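Below: one structure, written as structure tokens.
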Amino acid sequence: MHNRTPILAALALWSLLLTGCAGTAASVGVVPAPASDATSPAAHGSHHDGGTSSPRASADGPSDAARMVCGDQPMDRLTAILHLEEDPHTMNSWADSTFTCTYHLAEGALDISVKEAAGQATAMKYFDAMQALAKDARPIEGLANLGFPAFETADGTAVFQKDNFVLQVDASGLPATLGPDAITRNALAYQLSTTILACWVEHH
């Protein structure tokens with residue numbers, strides 16, 4: 001493929017991905033790691049916690065962009081890909097500047113996380129370290145990376161870096177193929193990653 005055609009193809013792909021991104025994850029409740037109350041572990045997320053509108057939310061909690069990983073867009077994409085009759089249960093946590101949303105599927109757990117770094121350079125260093133440490137990591141290149149640094153692993157993890165974010169979709173806890181269409185866990189991780197990235201692009 002010539003160098004010019006991926007740009008047009010990428011624009012076409014973005015237009016497809018952006019559909020349905022109007023609703024954000026603003027309603028997703030986040031349970032931050034408590035500073036002094038050890039009886040409320042951060043791993044126990046809530047769908048109905050409205051306490052994320054505090055002026056300190058940007059410093060002490062995840063951004064709206066990070067919360068999108070537990071929002072309607074990846075949920076709708078996941079249920080469509082796997083032909084689920086109802087939304088899977090989710091739990092979220094916020095610790096070490098990382099927001100994690102765990103989707104509990106019948107086949108196992110799917111983890112989507114966002115590391116919020118101090119800036120793009122720091123995020124790139126974090127991404128590079130993750131890639132260096134990952135087993136069997138291979139870069140996602142060409143049109144497939146949508147113009148962002150990205151890699152995947154053989155066991156079903158996709159990682160993308162955008163701005164000060166490092167997005168990781170970890171499907172390694174799932175079977176090699178899932179759903180009636182027998183989608184691979186790598187393809188599932190990739191499709192969920194691009195769904196979230198498309199929403200980030202639309203809202204920035």
Side-chain angles (χ1 to χ4, degrees), residues 17 19-34 37-54 57 60-116 130 152-153 155-160 165-200 202-203:
L17 290 171
T19 44
C21 280
T24 68
S27 63
V28 174
V30 180
V31 178
D37 181 6
T39 61
S40 302
H44 293 285
S46 165
H47 293 288
H48 306 292
D49 179 6
T52 55
S53 59
S54 131
D60 297 340
S63 63
D64 286 345
R67 283 182 287 164
M68 282 186 182
V69 304
C70 218
D72 293 340
Q73 292 77 35
M75 179 68 81
D76 290 348
R77 190 77 183 115
L78 180 63
T79 56
I81 291 171
L82 299 182
H83 301 276
L84 302 177
E85 294 183 1
E86 59 183 16
D87 291 349
H89 175 262
T90 61
M91 294 179 70
N92 62 64
S93 64
W94 170 250
D96 191 28
S97 300
T98 302
F99 179 70
T100 302
C101 185
T102 300
Y103 293 76
H104 295 113
L105 302 172
E107 299 87 352
L110 169 73
D111 292 316
I112 307 181
S113 63
V114 181
K115 174 76 171 182
E116 297 199 50
M130 287 181 68
E152 63 181 352
T153 64
D155 65 356
T157 296
V159 180
F160 284 77
F165 299 132
V166 179
L167 169 67
Q168 177 177 266
V169 179
D170 182 358
S172 62
L174 299 174
T177 60
L178 301 101
D181 298 327
I183 185 173
T184 66
R185 57 189 176 189
N186 281 82
L188 178 65
Y190 175 79
Q191 290 194 37
L192 292 173
S193 297
T194 54
T195 296
I196 294 163
L197 285 164
C199 291
W200 282 355
E202 183 183 28
H203 286 89

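Computed from a predicted model, the values in this text were never measured in an experiment. Basis for what follows: all heavy atoms, side chains included, without hydrogens, waters or symmetry-related copies.
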message = To the closest 0.5 Å, what do you measure between CG (Asn186) and CD (Gln191)?
response = 11.5 Å

ask   = Just how far is it from atom CD of Glu107 to atom CG of Leu174, taken to the nearest 0.5 Å?
value = 7.0 Å

task = Enter the distance from Cys70:SG to Met75:CE here, rounded to the nearest 0.5 Å.
result = 6.5 Å

request  = I would like to know whether Glu116 and Thr98 meet side chain to side chain donor-acceptor pair (under 3.5 Å); could you show each step before the answer?
outcome  = CA-CA 6 Å; Glu116 297 199 50; Thr98 302; over 6 Å; no

key: Residues Gln168, Met130; criterion side chain to side chain contact (heavy atoms under 4.5 Å, CB included); working and verdict   = CA-CA 10 Å; Gln168 177 177 266; Met130 287 181 68; 2.9 Å; yes

query = Can you find a heavy atom in the side chain of Ser63 that is under 4.5 Å from one in the side chain of Phe165?
reply = yes

message = If I take atom CG from residue Leu110 and atom CG from residue Leu78, how far apart are they, to the nearest 0.5 angstrom?
response = 6.0 Å

request  = Sort out for me which residue in Asp111, Thr90, Asp170 forms a side-chain hydrogen bond (donor to acceptor under 3.5 Å, both in side chains) with Thr102.
outcome  = Asp111

inquiry  = With a 4.5 Å cut-off on side-chain heavy atoms, are Lys115 and Ser97 touching?
reply    = yes

message = In terms of relative ring orientation, are His104 and His89 parallel, tilted or perpendicular, with 30° and 60° separating the classes?
response = parallel

query = Do Asp155 and Thr153 have a side chain donor and acceptor closer than 3.5 Å?
reply = yes

ask   = Rounded to the nearest 0.5 Å, how far apart are CH2 of Trp200 and CG of Leu167?
value = 4.5 Å

note = Residues Ser172 and Thr157: closest non-hydrogen pair is CB-OG1, 4.3 Å

ask   = Where is the tightest heavy-atom contact between Met68 and Cys199, given as atom of each residue plus distance?
value = SD-CB, 3.8 Å

remark   = Heavy atoms of Ser193 and Phe160 approach each other most closely as CB-CE1, 3.5 Å

request  = Measure the shortest side-chain to side-chain distance between Ile183 and Leu82 over non-hydrogen atoms and say whether it is less than 4.5 angstrom.
outcome  = yes

request  = Could you give me the CA-CA distance, side-chain angles and deciding distance for Ile81 and Leu188, then say whether side chain to side chain contact (heavy atoms under 4.5 Å, CB included) is met?
outcome  = CA-CA 8 Å; Ile81 291 171; Leu188 178 65; 3.9 Å; yes

ask   = Between atom CG of Leu178 and atom OG1 of Thr184, what is the distance when rounded to the nearest 0.5 Å?
value = 8.5 Å

remark   = Of all heavy-atom pairs linking Thr195 and Pro74, the shortest is CG2-N, 4.3 Å

ask   = Quick one: does Ile112's side chain get under 4.5 Å of Thr100's, heavy atoms only?
value = no

